[in-house]
*Asks:* 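Structure provided below as structure tokens; questions to follow.
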There are 2 protein chains.
Amino acid sequence: MRKIPESTVRRLALYLRYLEESSAGGQVTISSAELARRGGTTSAQVRKDLSFFGSFGKRGLGYPVAALTGRLREILGLKSPHRVILIGAGKVGAALMHYPGFAERGFSVAAIYDRDPRKIGSRWNGLLIRDVRHLERDLRREPTDIAIVVIPATAAQQVAERLVSAGVKAILNFAPVQLVLPDSVAVRNVNMALELETLSYDLTVR
Amino acid sequence: MRKIPESTVRRLALYLRYLEESSAGGQVTISSAELARRGGTTSAQVRKDLSFFGSFGKRGLGYPVAALTGRLREILGLKSPHRVILIGAGKVGAALMHYPGFAERGFSVAAIYDRDPRKIGSRWNGLLIRDVRHLERDLRREPTDIAIVVIPATAAQQVAERLVSAGVKAILNFAPVQLVLPDSVAVRNVNMALELETLSYDLTVR
DNA sequence: GGATGTGAATGTCTTCACAGCT
DNA sequence: AGCTGTGAAGACATTCACATCC
């Protein structure tokens with residue numbers, strides 16, 4: 001069960017969403033073909049993805065919705081909620097703070113940091129915006145695995161390094177730079193301008 | 001020059017960013033090794049990526065910054081600005097509206113739509129929030145290639161279909177669903193909760 | 001000497017196709 | 001009969017390594 005393709009992990013998260021919907025609809029069993037249709041892939045791909053972790057289905061029948069849901073939540077590490085900290089109290093940070101999708105999936109923002117004295121001390125949803133200078137001190141008291149970085153590109157690398165040496169193990173990076181960090185740290189980038197640029201490319205070739 | 005890997009196109013957009021920085025710093029020539037360092041990849045990868053589109057470098061020297069910048073902007077279709085429309089005037093929509101990265105890369109929001117009567121008619125940055133019911137009428141008057149969809153999952157598929165039949169050719173989708181659309185339409189998904197879930201997975205296996 | 005450009009080799013992911021359960 | 005589970009084949013992407021040129 002070593003070395004699962006990243007693309008597989010992403011699809012598992014999609015399958016999980018559809019399983020939860022199906023479960024709400026009272027469905028007991030689901031086929032790889034149905035999961036595939038909703039996940040934008042093929043039934044063979046679904047079976048292969050799941051087979052990395054064992055065999056959950058019954059031949060001739062499909063997969064039991066409830067059991068598979070539980071197993072996927074377990075595989076993805078979503079059985080217990082995750083605390084995350086948010087670095088950067090700008091517009092995008094604000095949107096993320098209030099984004100219902102995070103809470104729904106068990107991620108709760110435990111602290112917000114900024115370096116702007118005008119923001120520090122104010123509150124969002126009752127949550128204090130703290131001085132980023134206190135990052136290390138706070139993380140020593142309350143270790144946190146996941147940080148969301150929503151600050152300008154110029155500051156991102158430096159802050160990321162501080163996060164890592166303070167014990168953060170995973171970073172969701174919205175700054176449009178490639179962070180250079182040890183391989184032991186998981187980094188995922190969200191670069192919205194870059195997505196638009198790839199769409200622009202597609203428009204020129206199609 | 002057919003069938004370029006998507007991963008290559010994404011890296012080209014990254015290279016472009018670093019080229020522009022280097023150019024601002026007065027650098028005249030840049031090696032594949034330097035581009036690689038900043039793009040988080042290898043020099044061989046950089047050369048391979050660029051070689052899909054021709055040979056721009058001088059052996060022993062590297063790539064001319066100015067010429068390569070221009071060529072990449074051309075390849076990515078960024079020589080002229082792009083109008084985009086924004087569907088959904090919620091918190092994330094607001095953040096995108098004010099996101100400086102879009103304007104910097106030549107993307108300007110030309111119209112915003114929502115279906116909430118309380119929002120319709122108000123203005124963001126002087127830009128009117130329009131009734132999504134007028135989408136087709138407006139697109140007939142002002143055809144637009146790119147739409148950014150920032151609405152709840154339940155409404156996304158239906159609106160996406162309307163966009164496509166009104167002539168939209170590329171969609172940046174923030175709704176956490178897999179849109180099912182003709183292959184002729186370019187779709188890119190940004191799913192922030194899903195990114196957190198893949199990080200959660202990484203935490204459980206490392 | 002130094003860095004590109006590129007076929008060939010390797011590695012990774014997806015699709016096929018069918019044996020094996022239920 | 002229906003649908004999973006999975007080796008094998010195929011497609012795709014990355015890395016190697018070296019001839020080529022400035």
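We name chains A, B, ... by the order of the sequence lines, and we start the count at 1 in each one.
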*Asks:* For B:S200 versus A:L78, what's the shortest heavy-atom pair and its separation?
*Replies:* OG-CD2, 3.7 Å
*Asks:* Distance check: side-chain N/O of B:S55 vs OP1/OP2 of C:dT4, anything under 4.0 Å?
*Replies:* no
*Asks:* Counting only heavy atoms not in B:R206, do more than 12 sit closer than 6.0 Å to its CZ atom?
*Replies:* yes
*Asks:* If you count heavy atoms of other groups shown closer than 6.0 angstrom to NZ of A:K119, is the number above 12?
*Replies:* yes
*Asks:* Rounding to an integer number of Å, can you tell me how far A:L61 CG sits from C:dT22 C1'?
*Replies:* 7 Å
*Asks:* We want to know whether B:R188 and A:T198 form a side-chain donor-acceptor pair, criterion being a heavy-atom distance below 3.5 angstrom.
*Replies:* yes
*Asks:* Between C1' on D:dT4 and CG on A:L35, what's the gap in Å once rounded to a whole number?
*Replies:* 13 Å
*Asks:* I need the CZ-P distance between B:F53 and C:dG5, as an integer number of Å.
*Replies:* 14 Å
*Asks:* With a cut-off of 6.0 Å (strictly less than), are more than 12 heavy atoms of other residues, nucleotides or ligands near CZ of A:R83?
*Replies:* yes
*Asks:* Using atom CZ of A:R37 as one end and atom P of D:dC3 as the other, report the distance to the nearest whole Å.
*Replies:* 12 Å
*Asks:* What residues, two or more places apart in sequence or in another chain, satisfy salt bridge (Lys or Arg N to Asp or Glu O under 4.0 Å) together with B:D145?
*Replies:* none
*Asks:* Using whole Å, what does the distance between atom C1' of nucleotide D:dG5 and atom CG of A:L68 come to?
*Replies:* 14 Å
*Asks:* Is A:Y63 near enough to D:dG2 that one of its side-chain N or O atoms lies under 4.0 angstrom from OP1 or OP2?
*Replies:* no
*Asks:* What does the B/S/- profile of nucleotides 13-20 of chain C look like, 5' to 3', with a 4.0 Å heavy-atom cutoff to protein?
*Replies:* SSB-B-BB
